[in-house]
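Chain naming here is simple, since letters A, B, ... match the order of the sequence lines and numbering starts at 1 in each.
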Number of protein chains: 2
Amino acid sequence: MGRMYAIGEMSRITGLSVKALRLYQEKGLLEPSRVDPSSGYRYYTERDIPLAHTLRALRDLRLSLEEIRGVLAELSQGASLAEQLARVRARLAEEAASAQRSVLALDTLLRHQAQAEEYLRAPPPLLEHWLPPVRVAVHRARGRYSDASEVFPRLLATCGPHVAGAPFCLLHEAEYREDDADLSWCVPLAPGATPEGVHVEELPEVQTAVIVHSGPPESVGPSWARLFAHLHAKERTPSIPLRETYLRVATKDGASWLTELALPWVGSGLRNRT
Amino acid sequence: MGRMYAIGEMSRITGLSVKALRLYQEKGLLEPSRVDPSSGYRYYTERDIPLAHTLRALRDLRLSLEEIRGVLAELSQGASLAEQLARVRARLAEEAASAQRSVLALDTLLRHQAQAEEYLRAPPPLLEHWLPPVRVAVHRARGRYSDASEVFPRLLATCGPHVAGAPFCLLHEAEYREDDADLSWCVPLAPGATPEGVHVEELPEVQTAVIVHSGPPESVGPSWARLFAHLHAKERTPSIPLRETYLRVATKDGASWLTELALPWVGSGLRNRT
DNA sequence: TGGCGGTCTCCCCCTGGGGGAGAGTCAAGC
DNA sequence: GCTTGACTCTCCCCCAGGGGGAGACCGCCA
């Protein structure tokens with residue numbers, strides 16, 4: 001019988017913490033070679049070291065203690081590890097994929113945030129461009145703009161993870177109405193996503209004049225007026241539906257709202273996407 | 001003031017469990033619009049729904065509640081989210097990478113296991129081939145083979161995550177010695193890995209006769225004899241060091257040990273790797 | 001024999017809730 | 001108005017994988 005190691009020394013040898021060693025004993029994964037009955041001191045020998053090292057290696061591979069128990073059981077019987085390890089592999093692969101998906105989603109979010117910051121620092125001038133076609137979950141109703149805080153949450157809750165962009169609102173009449181506007185509440189969907197319990201529609205592309213409005217949504221009036229004046233000056237005919245996209249919503253600081261206003265038009269323009 | 005939702009209805013609307021809603025209130029993340037002072041019933045309104053939805057979206061992105069708290073605080077002030085989200089992104093990216101590394105390591109392990117199974121089902125015949133050069137952590141000492149259970153764990157513990165293959169043992173004398181053999185205990189290292197506190201050496205490639213021995217390591221004698229007899233029959237001169245690679249170690253079931261025996265030789269062979 | 005460092009057990013803490021007990025509440029039907 | 005069934009309340013224990021620390025022993029060296 002060789003040298004005996006107390007728990008602290010064993011910890012240094014194996015890289016497992018003292019707490020972990022005690023836990024693994026309690027879980028029946030790694031029993032000390034001897035436990036002094038009077039003092040309760042745990043003593044390990046060289047024979048315990050390979051098992052401890054295996055344990056550490058598996059733990060560092062992110063196996064749960066339960067999975068480790070299974071692997072060790074099969075290992076000590078010389079049985080096949082393939083099935084156990086394949087299960088673990090599947091779990092870890094899913095974990096990695098999930099984290100990776102989150103990273104990608106966060107990147108998208110960060111890009112949108114960065115663009116919003118950019119818009120706040122230097123609001124883009126009035127521009128003309130084609131809005132691309134987009135698949136949306138849509139809820140059409142008569143009502144007022146301030147219903148947004150009621151409608152969008154429902155829509156977002158229904159679409160869940162299929163949401164692929166900032167929500168927007170279509171105004172089907174050009175005249176401003178306080179409380180009986182004909183509105184479509186829209187949420188862009190990821191390609192291929194098919195949420196249930198909601199009407200899905202494909203919006204065609206459309207040529208528009210666009211401006212980004214900075215400030216709370218009650219104050220968009222003058223910005224709309226600029227768009228109408230612009231088209232009028234170019235002898236183009238405004239069309240419907242108007243689109244208000246809520247790029248950034250602030251709850252307390254009124255200054256950092258961002259709304260993209262897009263006014264479609266018909267008339268002299270030949271389609272030209274440059 | 002619009003409709004009020006009790007906690008169960010709110011749960012259905014937002015997709016957050018009742019338990020979660022209560023927890024988020026306790027953590028100060030989502031306060032119900034009204035709590036009945038006499039009954040303690042929580043009542044939510046439409047105004048609470050967007051926040052709840054944001055909360056759920058962030059949680060589904062794997063943010064911790066603490067991270068969510070930070071994001072919501074900045075969100076409600078319209079402040080920049082970039083820093084917070086970048087931190088979260090870094091954490092998640094590391095998490096994904098770590099899980100991915102584990103998956104790759106498990107794949108390697110599974111391949112080795114599969115090969116070991118293969119060897120157990122159909123032991124490969126005696127083969128001649130070149131062992132490739134390999135970088136190893138090495139500990140040379142006089143002793144006995146059964147010291148393996150003492151020496152390898154130390155070596156593995158020292159090299160930690162740099163280990164890149166099955167450990168093996170070099171025998172620097174061709175004669176069998178019970179308890180005073182001149183041995184090198186070796187652990188292959190990953191390319192570029194530089195573990196501390198251990199001697200690292202590059203072993204040259206060498207031409208060998210190889211056989212895989214199935215059974216406990218005490219029983220390798222006859223297999224070594226086969227290798228020597230094979231070389232003798234071909235009029236080749238056995239050389240040193242002999243290499244015993246421990247492909248698979250079983251603790252209880254003596255039948256599933258696997259040891260690769262490699263005997264280098266010099267003589268008539270021209271180098272030919274075909 | 002004293003001292004110092006190591007070790008023991010026991011308890012609470014973290015995350016993000018799940019499960020359930022026992023008691024109180026709301027709304028609808030009769 | 002009363003009953004009933006569905007909700008909801010608070011409170012407590014549970015999961016993994018340990019970390020931190022309190023108070024009490026233990027082992028070894030001078």
Side-chain angles (χ1 to χ4, degrees), chain A residues 3-44 48 52 55-72 87-88 91-92 95 98-99 102, chain B residues 3-44 48 52 54-72 88 91-92 95 98-99 102:
Chain A
R3 186 147 148 38
M4 309 277 272
Y5 306 104
I7 199 170
E9 203 159 1
M10 186 69 174
S11 165
R12 250 164 279 131
I13 292 174
T14 62
L16 295 166
S17 76
V18 170
K19 286 280 190 182
L21 285 170
R22 288 201 269 247
L23 180 68
Y24 298 161
Q25 178 193 6
E26 188 187 322
K27 298 274 180 182
L29 293 173
L30 175 61
E31 210 67 27
S33 285
R34 195 171 78 84
V35 176
D36 186 305
S38 75
S39 73
Y41 271 38
R42 295 162 178 83
Y43 292 102
Y44 299 84
D48 301 319
L55 200 42
R56 186 164 100 92
L58 292 176
R59 190 196 62 176
D60 291 351
L61 280 178
R62 310 174 122 239
L63 274 73
S64 74
L65 295 191
E66 218 36 59
E67 288 167 337
I68 291 177
R69 183 199 308 285
V71 169
L72 291 184
R87 259 202 299 278
V88 172
R91 177 179 68 78
L92 285 175
E95 209 173 288
S98 163
S102 290
Chain B
R3 186 146 149 37
M4 309 276 273
Y5 306 104
I7 200 169
E9 203 158 1
M10 186 68 175
S11 164
R12 251 163 277 131
I13 292 175
T14 61
L16 294 165
S17 76
V18 170
K19 287 279 190 183
L21 286 170
R22 289 202 268 247
L23 179 68
Y24 298 162
Q25 178 192 6
E26 188 186 321
K27 299 272 181 183
L29 292 173
L30 176 60
E31 209 68 26
S33 285
R34 195 172 77 84
V35 176
D36 186 305
S38 76
S39 73
Y41 271 39
R42 295 163 178 83
Y43 292 103
Y44 298 84
D48 301 320
T54 304
L55 201 41
R56 188 164 99 93
L58 293 176
R59 190 195 62 175
D60 291 351
L61 281 177
R62 311 174 123 240
L63 274 72
S64 74
L65 294 192
E66 218 35 59
E67 289 167 337
I68 291 177
R69 182 200 309 285
V71 170
L72 290 184
V88 173
R91 177 179 69 78
L92 285 175
E95 210 173 289
S98 162
S102 290

Earlier contact from the 5' end, DNA chain C, for Arg59(B) and Gly8(A):
Gly8(A)
Which residues satisfy the side-chain contact (heavy atoms from CB on, under 4.5 Å) test with Lys27(A), sequence neighbours excluded?
Leu23(A), Leu29(A), Leu65(A), Arg69(A)
Sequence-distant partners of Tyr5(B), side chain to side chain donor-acceptor pair (under 3.5 Å), two or more places apart:
Arg154(A), Glu46(B)
Nearest heavy atoms of Ser11(A) and Ser17(A), plus distance in Å
OG-CA, 3.9 Å
Does Arg56(B) reach the main-chain N or O of Leu16(B) with its side chain, forming a donor-acceptor pair under 3.5 Å?
no
Working to the nearest 0.5 angstrom, can you tell me the gap between Glu9(B) CD and Tyr43(B) OH?
11.0 Å
Nearest-Å distance for atom pair CZ/C1', residues Arg22(B) and dT10(D):
8 Å
Let me confirm one number: the CG-CG distance from Leu30(A) to Leu72(A), rounded to the nearest 0.5 Å.
9.0 Å
Is there a residue in residues 61-71 of chain A whose heavy atoms reach under 4.0 Å of DNA chain D, and which residues are they?
Ser64(A), Leu65(A)
Closest approach of Gly15(B) to Arg59(B) (non-hydrogen atoms, all atoms of both residues)
O-NH2, 4.4 Å
Kindly compute the distance separating CG (Leu21(A)) from CD1 (Ile7(A)), expressed to the nearest 0.5 Å.
5.0 Å
Write down the atom of Ala99(A), the atom of Leu92(B), and the distance for their closest heavy-atom approach.
CB-O, 4.0 Å
To the nearest 0.5 Å, how far apart are CE in Met4(B) and CG in Asp48(B)?
9.0 Å
For Leu21(B) and dT10(D), what is the distance between atoms CG and P respectively, to the nearest whole Å?
13 Å
For residues 27-44 of chain A, which residues have at least one heavy atom under 4.0 Å from DNA chain C?
Ser39(A), Gly40(A), Tyr41(A), Arg42(A)
To the nearest 0.5 Å, what is the distance between CD on Glu31(A) and OH on Tyr44(A)?
8.0 Å
Atom-to-atom span, CD of Gln25(A) to P of dG17(D) - whole angstrom:
18 Å
Quick check for you: to the nearest 0.5 Å, what is the distance between Met10(A) atom CE and Arg42(A) atom CZ?
12.5 Å
Quick one: Lys19(B) NZ to dC7(D) P, roughly how many Å, whole number?
17 Å
Dump the intermediate steps for salt bridge (charged side-chain N to carboxylate O under 4.0 Å, His left out) on Glu26(B) and Arg22(B), then the final yes or no.
CA-CA 6 Å; Glu26(B) 188 186 321; Arg22(B) 289 202 268 247; over 6 Å; no
First-last contacting nucleotides on DNA chain C - partner chain B, under 4.0 angstrom, heavy atom:
dT15(C) to dC26(C)
Axis-to-axis angle for the helix from dT1(C)-dA30(D) to dC30(C)-dG1(D), ends of five pairs each, to 10°, equals 30°
